[in-house]
Amino acid sequence: MIVAVLYIALLIVFFWSILHGRKVVRTERTDAVFGNPIRTQGGYHWVACGVSSLMLVWFTFSWDAGRAFFPNSANELCQVAKLNRALNPIRSAFPLDNRHLLGTRILSRDLYQIELLTEELNELDLTDTDRGNLLLLIDEVREALVLQASSEFIAPDIPERFQDIATRIEQLALDLQNHEFPGPVDEAKMAEALAQPGWGESSTEIPVLPKTQRGRIFDVAAEIMEGITEDFSEIRNDGPELTKRIENIRERIQELEGIADQEAYKEVLKDIEKISKRVDDFRVFPTQVTQGIEASLILLEQAMQDRQGSLRFIDTLVLPGGDILAGNNACSEQGSGRWLPKPSDTLATFIWMADPAQGYKGFPLFWYKMKPVSEMIDFLVPDSVADLIPGEYGHHDEEGNIHSSFKDRIYNFASGDFDSFSVPVPTGHIWDSILRVLAGLILGILLGVPLGLFMGLSRFAKGYFDPLVELYRPVPPLAWAPLILTIFGIQDDGKIFLLFMVAFAIMVISARTGATGTQLSKIHAAHSLGASNRQIIQQVILPNSLPEILTGIRISIGVCWGTLVAAEMLAGTTGIGFVENVARKQSDYEIIWMTIIVMGVLGLLFDLIMRIVIDKTIPWRGKG
Amino acid sequence: MSDLITDKLNMVFELPDGSSVHALKDVTFTLKKGELLSVLGPSGCGKTTLLNIVAGFLHPTGGSIKLGGSIIEKPGVDRGMVFQQGALFEWLTVADNVNFGLRMKNADKEETKQKVEEWLDIVGLQGFGDTPTYQLSGGMQQRVALARCLINNPDLILMDEPLGALDALTREKMQSLVLKIWKETGKTIMIITHSVEEALLLGERLFVMAPRPGRLHKQYRLPFAEMGLDGDPREIKNEEKFVQTREEILTMIWNMEEEIMGKVEAA
Ligand SMILES: Nc1ncnc2c1ncn2[C@@H]1O[C@H](COP(=O)(O)OP(=O)(O)OP(=O)(O)O)[C@@H](O)[C@H]1O
Ligand SMILES: [Mg+2]
């Protein structure tokens, strides 16, 4: 229901945005020449258009829209698929999907192989008698094969049996057209069918029992068809003449095997036996006896199409790019839906996992936990601070009393050994990833920007640090990962250091570019206005490098995000990349898509924030 | 005595390819306190180089330069600079640009604010204090640059083609502004220009420089700056002496350019 409303809303937005866009384009002609960057400003209707078209494609090709609008269609198509499945063995014997009759195909294949065998035989180094015997045998096989196609030798009841099959199929076609078919509803069966879990609600992808009248028609027809198919497949072209000939051939082969002494000779004999065994399948019939069935099949297909009615349009338009296939006791989606989960299911998975009690692998997605302040102080304040305090640590006296000193109290404080209140700290897969990125990024900025500026200003710094930075930077961060993760551990430390390396290099380069790009006249001006070297760095070079630095940060965020996810996939037990990696191993496409979308949205969010920061902090960019 | 005294200034630039450019050769002059000097010459004759040396951005390779008796070694607040293209700090507002020098000295905030108001008034930018500089027109930016330089109360004001990028009308107004400031503050001003008319109008003294190597070619003492203080500049431009001097200098510079071209063609 929600999906249906959403889908219609998306359609409206899509068409509205195009119409609106066209209207704006008409008025736009006057406002700017081509190439003027102002032209790209605004245009939010195109954002709406892009987003809605993307969502429409997703809803459509994941069959989410189809499921929302026609919830029973898949169940009905499942019944049709059952009938098709029952029909298939007969169908495939006739030139409906294939170009030739099954008999024709068998005949041409076997004759060709006999031909090959004969040629091979003529080249073998055999005595004339042996060769003669084998050639004779091959001739017999060929004759037996060809005999199947002649109506003279077929078993007498075969035309009758085929006629029976054809009549039954015709009857089924008539039944399909009859509106009474398949008789009154069996209430108990219907109740059972209705009690099945809906489409996508359980592990069975599509409920298999027919829920609707239209479904029942095809379900019953499938049952009837199964009987017909079974009877059809039992018919063999094994008349007395043919059986006798095959018998003879078999005996002859055994006889020749008895006197065989050469390897090549035995090989040929084996090949002949193989072909003759195929001949005794007796699946080739004279063409005219099967014609009735072919005609009846065409009738049946027509009746099926008529009976499906609108279902066929739903199949092609609403459930595009795939089919519903019937298995032994379940029907399944076979299309883009297999790897493209439905948006509503993905959202449901996300909501389900977002519940902190649920989480993923025993860890919430994004939540908080209470952490005592003392732990953080332990982390932030080094214990050695206590050593710097004058005085002695406490010691015990002769009675065994322990006198703790001020120094002890400081030590307890620095090592977090005191009672304190707790504050909420974000925790969870998504938070972990975000915090790692931010930590790496901030470290990179704090160390990279000063070094970059220094390198932009000092010949020594440029020369000394250039090889250092430029040697490690071109190495893909993931190539560093095994090493870094070994040194710093697979938990936060290693990842943050890896991200720091990524961000650091980018920040150094952008800050350096910014510093070297400062106009000399500005620096001259600052000098004659009495600025000291430090003031020049702070007041002129740093602000002047801001555009480059901010662009650097923007790039860093993107690269860090990418590196982090890959590093999390490599090792670790938390983080969004870890979630995807586990889901990948279990082929859980809903979770895979969910993680991909979460990453995409977070990346977009970061970038939007950066864009706003850039617009706010350096409005002068490009105008100086 | 804060006179500017140069003695046989020489400037030779070593180029990376091993050759060298003799940008200034034996430049000797004295600029008295309160004098208004304009410098003219064909492109590449070393005007900017000379100014940079005075400002302390460059060390001469030979000769000496003194201001108020002490040798110029590095840039200082006693010499204010106005560049061709404002060289404003575009990340700051007009007021923050103007008070930049005072902020560097950590001057009193209230006083600073007052001074900024005053100077914005003088250069005709009342009420623009909070405007970002990138939103100003070229002429306004140049006035900000002027105010930013003057608020520091330098002894010597150095201007490198300050009005080069302005339209004729704004340019005329700015010329009057420079004259007004010169008269009211009595500062020593050294101004480089490409326009002969401007040089005549603004130059109490006028140097014409010649290129290759850059040197002082001819010096003038002119009355037009004094006249321009109260007179209409357009009338002054029509004065016979003005026209005469202008033609004389134009011919001089033409000949120099001609000579350069000839040298280039001969080479
Ligand atoms: N940093 C430098 N390195 C090498 N050569 C330089 C340098 N600065 C200036 N020169 C050379 O010195 C000469 C004088 O240059 P300068 O910039 O002083 O000329 P200018 O008179 O200001 O010219 P313009 O009127 O075009 O501004 C030129 O030949 C120039 O190529
Ligand atoms: Mg110059």
S.K.: Please say whether more than 12 non-hydrogen atoms of neighbouring residues, nucleotides or ligands are located less than 6.0 Å from OH in A:Y472.
M.R.: yes
S.K.: What's the spacing between B:D160 CG and A:H524 NE2 if we round to 0.5 Å?
M.R.: 11.0 Å
S.K.: Of the non-hydrogen atoms in A:S521 and B:A87, which two are nearest, and what is the gap between them?
M.R.: OG-CB, 3.5 Å
S.K.: Quick check on side-chain contact (heavy atoms from CB on, under 4.5 Å): which of A:T617, A:N544, A:L542, A:L546 does B:W91 satisfy it with?
M.R.: A:N544
S.K.: Compare every heavy atom of B:M104 with every heavy atom of A:G530, then report the nearest pair and how far apart it is.
M.R.: O-CB, 4.0 Å
S.K.: Counting only heavy atoms not in B:E14, do more than 12 sit closer than 6.0 Å to its CD atom?
M.R.: yes
S.K.: Does atom CG of A:D615 have more than 12 heavy-atom neighbours, drawn from other residues, nucleotides or ligands, at distances under 6.0 Å?
M.R.: yes
S.K.: Counting heavy atoms not belonging to B:E110, are there more than 12 under 6.0 Å from its CD?
M.R.: no
S.K.: Less than 4.5 Å apart, any side-chain heavy atom of B:K74 and any of A:H527?
M.R.: no
S.K.: Kindly indicate whether the side chain of B:R103, heavy atoms from C-beta on, has any atom under 4.5 Å from the side chain of A:Q539.
M.R.: yes
S.K.: Around B:I71, counting heavy atoms of other residues, nucleotides and ligands shown, do more than 12 lie under 6.0 Å from its CD1?
M.R.: no
S.K.: Please report the shortest heavy-atom distance between B:F57 and A:S528, naming the atom on each side.
M.R.: CZ-OG, 3.8 Å
S.K.: With side-chain contact (heavy atoms from CB on, under 4.5 Å) as the test, would you mind laying out the steps for B:F100 and A:V540 before giving the verdict?
M.R.: CA-CA 11 Å; B:F100 190 88; A:V540 181; 4.0 Å; yes
S.K.: Near B:W182 CH2, under 6.0 Å, is it more than 12 heavy atoms from other residues, nucleotides or ligands?
M.R.: yes
S.K.: What pair of heavy atoms forms the shortest contact from B:N152 to A:L529, and how long is it?
M.R.: ND2-O, 3.4 Å
S.K.: Within this structure, what is the CZ-CD distance for the pair B:F89 and A:Q519, rounded to the nearest 0.5 Å?
M.R.: 10.5 Å
